[in-house]
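Working notes, structure below.
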Amino acid sequence: MTRDSFDLAIVGGGPAGLAAMDLADECGLSCVLIDENSSLGGRIFHGIETDGQDHLYGTDATWARTLVADAKHAGSILTGRTVFDITHHDDGPINIHILGDEGAETVLARRLLIATGATERPFAFPGWTLPGVMTAGGVQTLLKGAAVVPDGPVVLAGSGPLLLLVALQLKRAGAQIAALLDTTPAANAMAAAPLLASAAFSGFAVWRGLGLLMAIRAQSIPVYRGVTKLVAHGEDTVASVEFEHGRGRRRFECRLLVTHLGILPDTQAARLAGCRLRWEPALPGWVPIVDSYGNTSRSGIMIAGDAAGIGGAESARHAGRVAATEAATQLGAISMGERDHRIAPDLARLKRLGRERAFLDRLFLPPERLRVPTDDGTIVCRCEEITAGELRAQAAGGVCEINQVKAITRCGMGPCQGRVCGVLAADIIADAMGAAVESVGYLRVRPPLKPVPLDVLAARAEIATPPPEAAFLYTREG
Amino acid sequence: MQVVRRSFDAIVIGGGIHGASVALYLAFHGLDVALLERDRLGGHASGVNAGSIHHIPRIHLELPLAEAALSSWARIEQLLEDDCGFRQVGYLKVIESDDEMPDAERSMARARRYSGIPEILLDRQALADLQPGLDATAVGGIFAPTCGYASPARTMRALRRRLDGVGAVVLETSEVRRISRQHHTWICETGDKNWCAPILVNCAGAWGVSVAGLVGEHVELCPVALMMTVCGRVKPLLNTVVGLHGRRLSMKQPQNGTILIGGGYQGDVLPATRDTRLNGDRLAYNLALARKTLPALSSAAVVRMWAGIEGITPDHAPYIGSSLIHEGLWHCFGFSTHGFYLGPITGRLLAEAIVKQEVPELLRPFALDRGASAAASSRAVDGVVRENQDEQAK
């Protein structure tokens, strides 16, 4: 079934998508917002509309709630729908193929804004695929969405602000935290120090971070810094975690091991749509090529928020406004002068927030030794059960392009399409070749973005008749 | 600009299964060979097709070669020192209704007449015994036990290893931009390098026409993008490769439990980027047909869909043979979607033709001057072409 055509379709109901929706409506565009969750807010504000858990969102709760409320009046909202394909035929509208409870539908739009946010960087070490090992983002979603609190001892391991925040949130929710294993190298703080002053005067992140550290101390969570060589042990589920700290090895019993190694832009939709990416050494990782208005290498397709490069919730909100205004300008709803007038404060704010981000990026830059599992037996691709050793063998044989490695080993060919393992595999191959990760490339994404029941795709065909025209034909024009 | 000159006995353009096979066999004959590939070895149709090793539905011209091809796959491990994932599980063409029966019998008679490929006609019961779970309205089937499937990616990798092993020079990301000739020597220019040889073999697949164009030879070919679908792992459902007699479909379940669905449904080719675009309506038809044939597929999840670029000729038969205007130039492309399984046998026979200067019997039907019939039927659909040729054969 094909829905009405819209001026702007937004994929992702986080801060970028919500802010874009509101502004696009203000500029007179017809818009639709699509999100795979049943409620709005994105991952960062997951469950924001649920009463009584404002403490989970800190000072952002107020503006986030306003953002959701405003967006709801700004156009059509399609929640509980997964985008599984994006097609664009020449000058025609962009087709966004979505899947919901009622089957597949196609949304047509003149402009598409991808605001799919971030995804967690995979953190692979021996035992990371055991049940009971979860990412910080996953744990936080459970806290926000279902108010689930783990029983039994919890250990958190890794690096980055989200890990600290989740530690605190778990503790406050009543979880028993055995240890927080901070893997951030001591050298990072030294390297980031020169950026501190500029960041501290640009926004609140630094101050919030300090507050977080003090709160963790106040809650008496045992913190171990400079941790290396993590191993999770357990039979059917994680039972303990072992690591190196100082000169010795230590071990903690745990029922839940929460891991985190920072976040990366979710580029799956951008790659599917054919947008070009560039290597961003500050992350390090691949980010879509976008101009300051959110335009990508594909005309009509825009990206804003963390999906375009990690900036955080406030940045995303401003970037969403900028992109919506740009779309309105391209579609003739407002003049370029009006655009520039409207977005000047957003651009100025984005610039200040960028200085803050530079500090955070440097402080939490994951070292290569954490990005590359040293043990050959460590699983890299969970779908196809491919180990780090198998990838290194390919690199040793001279196969150095990630899509070739995929074709040979099937790494990244499973249902998740390399969403998790793509980044890991590239790091491992680059490390084994002694080459730069950008030379290894990134995985091609094939439709569907997420698995789709065969029934759904077959539903629109009428097989009592012969196949559609030119299903198999020699034509001279080709 | 630095100009490097390299001389070889033969240059093969195109690193698909045909280019790689013919280069390997030329090397077996003792020739010093260079293989020039614009993208990556097996990067297009040869590496991303569904890996069917079967002769149905083939035009009758191709049947004798198909028979030889099936035997070559049965011995693939001796050739490539890898089994290439070849599984001789047979190929089943399901007959959907009694109306199709006469045509199914004609098709079997044709296979018997032009080849010794064994085919068995199955009644309703035998069909159900061979492949449980099929659509209950199916009335029978044609089963070819010597057919099966192989892994294209693994085959290309094995070919690469063998080429390296015999000392053939394989150059990827080396697009031939200009071809000239001096005193019986072909000079192929790739960027700043020149590659010379008295023998040139055009195995450029869907781009074979462009390569022929570089030497002023006109050949007709239409690039097409053939779509494939893969479903996530399910319990064992398919004992054999399953297709239909009357309509286009091919399904197989490799040992990892995934299900590959194809049959030759076309997407679009985007020439500038050598990329493809899927056609949702035709894919839907393909999948609906798969589900009708094997209802259990209803609950399967589609995890990936893609298309590979191939070239289709006006009469759906490949061009294999010497150039019509130049000496020392050979063409081998336009396999019209039947390319993968013909790779090893064609490579062997063409290398023989080149070395002995005599085209083996099996390749003769595919000469470039095979006649006006090709041009006449250029706009016909596959099925129609098949019938026309049968008429001519009678």
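Each chain gets a letter, A, B and so on, in the order the sequences are listed, and its residues count up from 1. Because the structure is predicted, anything quoted here is derived from the model rather than measured.
When all heavy atoms are compared, the tightest approach of A:Pro447 to B:Leu278 is CG-CD1, 3.3 Å. Shortest non-hydrogen contact noted between A:Leu457 and B:Ala284 is O-CB, 3.3 Å. A:Gln417 and B:Val303 make their closest contact through NE2-O, 3.2 Å (heavy atoms, listed as atom of the first residue, atom of the second, distance). Closest heavy-atom contact between B:Ala153 and A:Ala407: CB-O, 3.4 Å.
The part of A:Arg410 that comes within reach of chain B is its side chain, from C-beta onward, which places non-hydrogen atoms under 4.5 angstrom from that chain. Residue B:Asn286 does not touch chain A at all, counting heavy-atom pairs closer than 4.5 Å. At a 4.5 Å heavy-atom cutoff, the contact between B:Thr258 and chain A is made by side-chain atoms alone. Of the atoms belonging to B:Glu172, it is side-chain heavy atoms, and not backbone ones, that fall under 4.5 Å from chain A. No part of B:Arg154 comes within reach of chain A, as not one of its non-hydrogen atoms sits under 4.5 angstrom from that chain. Only the side chain of A:Glu401 has a heavy atom closer than 4.5 Å to any heavy atom of chain B. Neither the backbone nor the side chain of A:Cys416 comes within contact range of chain B; no heavy atoms are under 4.5 Å apart.
Within a 6.0 Å sphere centred on CZ of A:Arg276, heavy atoms belonging to other residues, nucleotides or ligands number 12 at most.
Of the listed residues (B:Lys292, B:Arg40, B:Met156, B:Arg233), the one with the most heavy-atom contacts under 4.5 Å to chain A is B:Arg40. In terms of heavy-atom pairs under 4.5 Å with chain A, the best-connected choice from B:Ser151, B:Gly246, B:Ala301, B:Ser298 is B:Ser298. Looking only at heavy-atom pairs under 4.5 Å with chain A, the residue among B:Gly232, B:Gly280, B:Cys231 that has the most is B:Gly280. The candidate with the highest count of non-hydrogen atom pairs below 4.5 Å against chain B, out of A:Gly274, A:Pro451, A:Pro448, is A:Pro448. Among A:Arg444, A:Glu384, A:Lys450, the residue making the largest number of heavy-atom pairs under 4.5 Å with chain B is A:Glu384.
In this structure, the separation between CG on B:Asn279 and OG1 on A:Thr87 is 10.0 Å, given to the nearest 0.5 Å. Going from atom OG1 of B:Thr276 over to atom CZ of A:Arg446 covers 6.0 Å, rounded to the nearest 0.5 Å.
Between B:Ile261 and A:Leu454, the closest side-chain pair of non-hydrogen atoms falls below 4.5 Å.
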